[in-house]
Amino acid sequence: MTSPSVGRNAHELRESKITVSYVPSEDDSEDDRVRLVEEEKPVLRISVQSNRAPFTGGIAIMLLITFLSSICFSIVLPSIWPYLDDVFHQPKSIVGWAVAANSIGSFVASPLFGWWADRRTTREVLIATLILMIGGNVMYSLAINVWMLLAGRFLVGVAAANYAVAQTYLSYATTVDNRTKVMALNSAATVLGFVIGPGFALVTSVVPHFSVRHIEVNSYTLPGYVSAFMSLLTMFSLFFLREIPSSYKRNSLPLAEGVDKKVGIFAFLKNAKKFPWIPVLICLFCYFGYTTSFTVFETVGAPYTEHAYGWDITKNAIMFVCLGGVCIVSLFVLQIFIRFTSDRVLLIVTSAISCTGFCILFDYHGNQLPLWRFILGMTFCCGGYATSVAVLISVYSKVLENLDQGMLMGWLSSSGSVARIVGPVSASYALQYGGDPHKAANGFLVFILMIALNGMCTVVTLLGYRALRPR
């Protein structure tokens with residue numbers, strides 16, 4: 001008698017169709033093609049086609065999860081320094097640790113949640129993370145000392161590791177053909193969350209302060225309460241989530257006889273030669289570089305503009321909203337160029353654009369930049385960041401085409417978390433201990449490091465161009 005699981009798997013296999021044919025790769029030179037023909041050693045390209053129902057609703061929910069995770073990281077940025085200074089009387093250096101506490105939580109939890117989602121259900125993991133997110137945001141707003149505030153931000157960071165789960169879902173729910181487009185939308189959700197989150201200061205700054213039974217609601221605590229409420233609303237959307245069937249996952253697709261089976265990460269680690277170490281490490285380094293650069297500005301942006309141009313919280317919030325508009329336009333432009341060139345070429349170009357932006361912001365003498373130059377530099381930085389992250393995630397997913405992507409997407413998320421630890425902490429210490437406060441506040445120490453980091457990303461991508469081709 002056939003077991004129910006076998007019968008179900010047989011039904012799922014009938015939904016998939018495998019074709020094996022010789023298809024020359026775009027990266028094969030003419031000499032390689034001639035040699036393959038002469039030696040009669042054709043290369044087998046395997047394509048898997050299945051009658052999948054569209055995951056449009058699930059993709060939309062994952063984009064919402066990504067947006068929420070980014071919002072919860074950045075919504076406190078305009079107010080966290082006044083919160084620490086006015087309420088807890090902390091030095092500037094603690095700002096970096098308060099921002100980094102969120103990323104430390106994400107770094108620890110991302111691989112775990114990715115592994116959990118691969119073996120259980122996406123809905124189960126997301127519900128658990130959203131409950132943690134609600135609790136962490138409420139703890140932040142009710143903090144009675146700086147340690148409680150840091151603990152709240154850490155819990156929010158643990159919950160925000162659901163970003164890795166969302167990326168895994170998108171990898172499974174898309175095909176190679178439409179993945180770049182969907183990942184661009186995912187990047188848009190990420191970047192808009194990072195950039196628009198501080199824009200909520202526009203709302204919190206006009207809300208009158210009040211208290212309910214000794215619970216203070218003001219411009220410092222309201223961002224936490226808003227994040228908790230958004231998390232609660234997002235939780236209800238999970239009831240409409242369509243789970244990814246096991247047959248749709250990369251490690252469950254059948255392969256032709258004689259071809260190595262697709263196996264999980266631990267099996268690959270037993271045989272390092274089969275694991276794509278070079279492209280994976282390139283992607284992790286570049287993701288670290290892009291994220292570090294952007295979070296450095298998010299940390300020093302408010303002190304910078306306050307010192308250089310006399311901007312207050314409201315004007316800084318308007319700036320972040322405008323930068324969000326730049327990101328949206330950049331991603332729309334990216335959709336056009338995707339049709340005409342490869343992901344790898346776009347990755348090199350967008351990385352160079354970001355590096356150019358920091359070059360514009362850097363002044364050798366540490367003098368105050370003219371406002372027009374500051375705006376131009378930030379336009380290049382934000383546009384380059386938004387597009388490079390979108391393309392990088394697509395390249396990374398294609399490199400991992402034959403692997404379980406849950407834990408490996410967790411690696412990518414952890415790389416970004418490390419960047420959001422290193423960036424804010426180093427930037428805040430540069431502001432406090434950078435020697436000449438005028439030069440430190442104008443980015444003399446910070447921007448030159450970001451130029452070097454983005455330049456390294458561009459060079460590494462060029463050197464690893466062939467290694468980054470789809471598997």
Side-chain angles (χ1 to χ4, degrees), residues 70 180-181 183-196 282-298 300-301 304 319-364 369-396 412 415-416 419-420 423 427 443 446-465 468:
S70 301
T180 301
K181 180 178 180 180
M183 290 305 180
L185 294 175
N186 187 56
S187 177
T190 303
V191 174
L192 289 180
F194 282 142
V195 175
I196 295 178
I282 291 174
C283 290
L284 294 179
F285 175 77
C286 290
Y287 194 70
F288 170 83
Y290 301 149
T291 309
T292 298
S293 302
F294 193 73
T295 52
V296 160
F297 173 76
E298 286 194 318
V300 304
Y304 180 99
M319 174 188 69
F320 279 108
V321 172
C322 292
L323 293 178
V326 171
C327 294
I328 293 175
V329 173
S330 301
L331 290 167
F332 271 115
V333 173
L334 177 65
Q335 294 297 315
I336 298 175
F337 282 97
I338 284 174
R339 303 176 182 178
F340 304 106
T341 186
S342 67
D343 292 349
R344 292 175 291 166
V345 173
L346 289 174
L347 187 61
I348 295 170
V349 172
T350 54
S351 180
I353 290 174
S354 183
C355 185
T356 302
F358 282 103
C359 289
I360 294 173
L361 292 173
F362 175 71
D363 186 90
Y364 179 77
L369 294 175
L371 183 58
W372 69 266
R373 183 173 166 184
F374 173 78
I375 294 174
L376 180 63
M378 285 316 305
T379 300
F380 273 77
C381 288
C382 288
Y385 169 74
T387 51
S388 59
V389 168
V391 177
L392 179 67
I393 294 175
S394 176
V395 169
Y396 186 68
L412 190 68
S415 175
R420 289 190 290 271
V446 174
F447 292 149
I448 191 171
L449 295 176
M450 296 306 101
I451 293 171
L453 186 57
N454 280 270
M456 290 175 64
C457 290
T458 305
V459 171
V460 166
T461 305
L462 282 169
L463 294 176
Y465 183 82
L468 292 172

Next on the checklist: Let's go through Met450 and Phe362 carefully: what are the C-alpha distance in whole Å and the side-chain angles of both, what is the deciding distance for side-chain contact (heavy atoms from CB on, under 4.5 Å) to 0.1 Å, and is it a yes or a no?
Outcome noted: CA-CA 10 Å; Met450 296 306 101; Phe362 175 71; over 6 Å; no
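To the nearest 0.5 Å, atoms CG (Leu453) and OG1 (Thr292) are separated by 5.5 Å. Going from atom CG of Leu376 over to atom OG1 of Thr356 covers 10.0 Å, rounded to the nearest 0.5 Å. Thr341 contributes atom OG1, which lies 14.0 Å from atom CD1 of Ile336 (distance to the nearest 0.5 angstrom). Atoms CZ and OG, on Phe337 and Ser342 in that order, are 13.5 Å from each other to the nearest 0.5 Å. Between the CG atom in Leu331 and the CG atom in Asn186 there is a gap of 10.5 Å [rounded to 0.5 Å]. Interatomic distance, CG of Leu392 versus CG of Leu412, reported as 6.5 Å (0.5 Å rounding).
Between Met378 and Leu361, the shortest heavy-atom contact is SD-CD1, 3.5 Å. Across Cys381 and Gly357, no two heavy atoms sit closer than the pair SG-C, 3.4 Å. Heavy-atom minimum distance, Gly416 versus Thr291: O-CG2, 3.7 Å. Shown here for Val391 and Leu334, the closest heavy-atom pair between the two residues is CG2-CD1, 3.8 Å. Closest heavy-atom contact between Thr295 and Ala419: OG1-O, 3.7 Å. Shown here for Val326 and Gly383, the closest heavy-atom pair between the two residues is CG1-N, 4.0 Å.
Under the 4.5 Å side-chain criterion, counting only non-hydrogen atoms from C-beta, Thr387 is not in contact with Ser354. Contact annotation: the side chain of Tyr290 approaches that of Asn454 to within less than 4.5 Å [non-hydrogen atoms, C-beta and beyond]. Residues Asp343 and Leu347 are not in side-chain contact: their nearest non-hydrogen atoms beyond the backbone lie 4.5 Å or more apart. The closest side-chain heavy-atom distance from Arg344 to Thr461 is not below 4.5 Å.
Of the candidates Phe380, Phe294, Phe358, Phe294 is the only one forming a ring-ring contact (aromatic ring centres under 6.0 Å, His included) with Tyr385.
Looking at Ser388 and Thr350, their side chains never bring a donor and an acceptor atom within 3.5 Å of each other.
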